[in-house]
Chemist: 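The structure follows.
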Amino acid sequence: MNTTTADRTESDGATSSTETTTGESDERTNAAWREYSFAGDPVLSVADLNVWYDDDHALKDISIDIPEKSVTALIGPSGCGKSTFLRCLNRMNDRIKSCRVEGSVAFNGQDIYADGTNLVELRKRIGMVFQHPNPFPKSIRDNVAYAPRKHGDLDRGLVPRLLGREETEKENELVERCLRDAALWSEVEGRLDDNALGLSGGQQQRLCIARCLAVDPEIILMDEPASALDPIATAKIEDLIEDLAEEYTVVIVTHNMQQAARISDQTAVFLTGGELVEYGDTDQVFENPRSQRVEDYITGKFG
Ligand SMILES: Nc1ncnc2c1ncn2[C@@H]1O[C@H](COP(=O)(O)OP(=O)(O)OP(=O)(O)O)[C@@H](O)[C@H]1O
């Protein structure tokens with residue numbers, strides 16, 4: 001069993017001055033959740049993370065370890081900082097001018113905020129899938145093969161017709177493997193050269209997952225990947241996420257608490273003000289939350 005980063009955090013500013021929705025002090029909220037430990041290794045260790053957008057303090061003193069090859073759900077009311085936190089995990093926030101990040105995020109022990117971090121390499125290892133599927137307006141095959149061609153993981157070229165036979169076979173294998181792993185192969189195998197924009201929303205989202213898998217990531221960050229999809233497409237994505245967690249670490253933001261309860265192994269609950277209020281095994285968080293505020297949120301008293 002591991003001791004989480006959170007164990008090593010002494011202060012519990014998230015809870016010391018908390019009040020429930022009824023205004024009583026949150027007696028059940030204490031430092032206990034910080035002793036959460038899990039089997040296996042943490043692949044990400046977040047320590048003392050603070051984020052500002054200009055003067056707006058969006059995340060406050062977040063310390064959390066995320067275990068490998070599992071699904072970690074981030075839940076909480078709108079505006080509590082879930083997406084901000086997710087974007088910190090592969091430095092997507094760097095793209096937002098007003099955003100300032102302090103603290104550390106260690107990926108396999110290396111701080112991704114250290115000087116000299118190669119962001120292209122980082123985002124290959126820690127990929128991202130967004131709320132709205134965003135395939136390129138290219139063929140299904142090109143969507144999957146685009147990044148490996150660009151990064152030179154396939155020996156050559158952005159121009160597929162110039163590939164030699166060996167390279168073409170390698171590319172075909174890669175495309176098929178990624179589409180199979182994204183549970184899309186059987187639906188598209190006969191039309192790999194069709195434009196990806198002709199796929200349904202759910203298929204497009206699974207294509208985006210296949211595209212993410214093509215650069216061989218270790219972690220997949222997902223920001224509400226099913227919120228724009230119908231229930232059948234959502235169920236397919238949920239099944240896929242559970243399968244992916246056998247090989248990859250998945251961190252997912254979701255508004256849908258039932259979804260978090262169904263598919264995640266761990267759940268982190270953020271509440272308004274950018275505090276991480278509870279983190280633990282999903283069953284524990286939903287069935288026996290330590291924090292009164294989290295219980296209020298989960299039972300729909302606010303949020
Ligand atoms: N690009 C940005 N510029 C300025 N402020 C931002 C930016 N992105 C987020 N914020 C602010 O940071 C806080 C956290 O936002 P964030 O989107 O991370 O929350 P969230 O929990 O993911 O919300 P939602 O569930 O509604 O997507 C909010 O106050 C939001 O207004």
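What you see is a predicted model, and the numbers here were worked out from it, not measured in a lab. We count ligands from 1, going down the list as the structure has it; atoms in each ligand are counted the same way.
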Chemist: Do K170 and E173 meet the salt-bridge criterion of a basic N to acidic O distance under 4.0 Å?
Modeler: no

Chemist: For ligand 1, output the ligand-protein N/O contacts shorter than 3.5 angstrom; if there are none, return none.
Modeler:
residue  : atom   : partner : partner atom : Å
ligand 1 : 18 (O) : T84     : N            : 2.9
ligand 1 : 18 (O) : T84     : OG1          : 2.5
ligand 1 : 19 (O) : G81     : N            : 3.1
ligand 1 : 21 (O) : G79     : N            : 3.4
ligand 1 : 21 (O) : C80     : N            : 3.1
ligand 1 : 21 (O) : G81     : N            : 3.0
ligand 1 : 21 (O) : K82     : N            : 3.0
ligand 1 : 21 (O) : K82     : NZ           : 2.9
ligand 1 : 22 (O) : S83     : N            : 2.9
ligand 1 : 22 (O) : S83     : OG           : 2.9
ligand 1 : 23 (O) : G79     : N            : 2.8
ligand 1 : 25 (O) : K82     : NZ           : 2.8
ligand 1 : 25 (O) : H255    : NE2          : 3.0
ligand 1 : 26 (O) : S78     : OG           : 2.5

Chemist: Are N108 and E218 side-chain neighbours, meaning at least one heavy-atom pair lies under 4.5 Å?
Modeler: yes

Chemist: Inspect the contact between E171 and R149 and indicate whether a charged nitrogen and a carboxylate oxygen are less than 4.0 angstrom apart.
Modeler: yes

Chemist: Assess, by modelled atom type and distance only, whether the side chains of E278 and Q284 contain a donor and an acceptor separated by less than 3.5 Å.
Modeler: yes

Chemist: Could you check whether the rings of H57 and W52 sit parallel, tilted or perpendicular, using 30° and 60° as the cut-offs?
Modeler: parallel

Chemist: In the hydrophobic cluster built from side-chain contacts under 4.5 Å, what are the other members alongside V188?
Modeler: I140, V144, V175, L179, L184, W185, L192, L199, L207

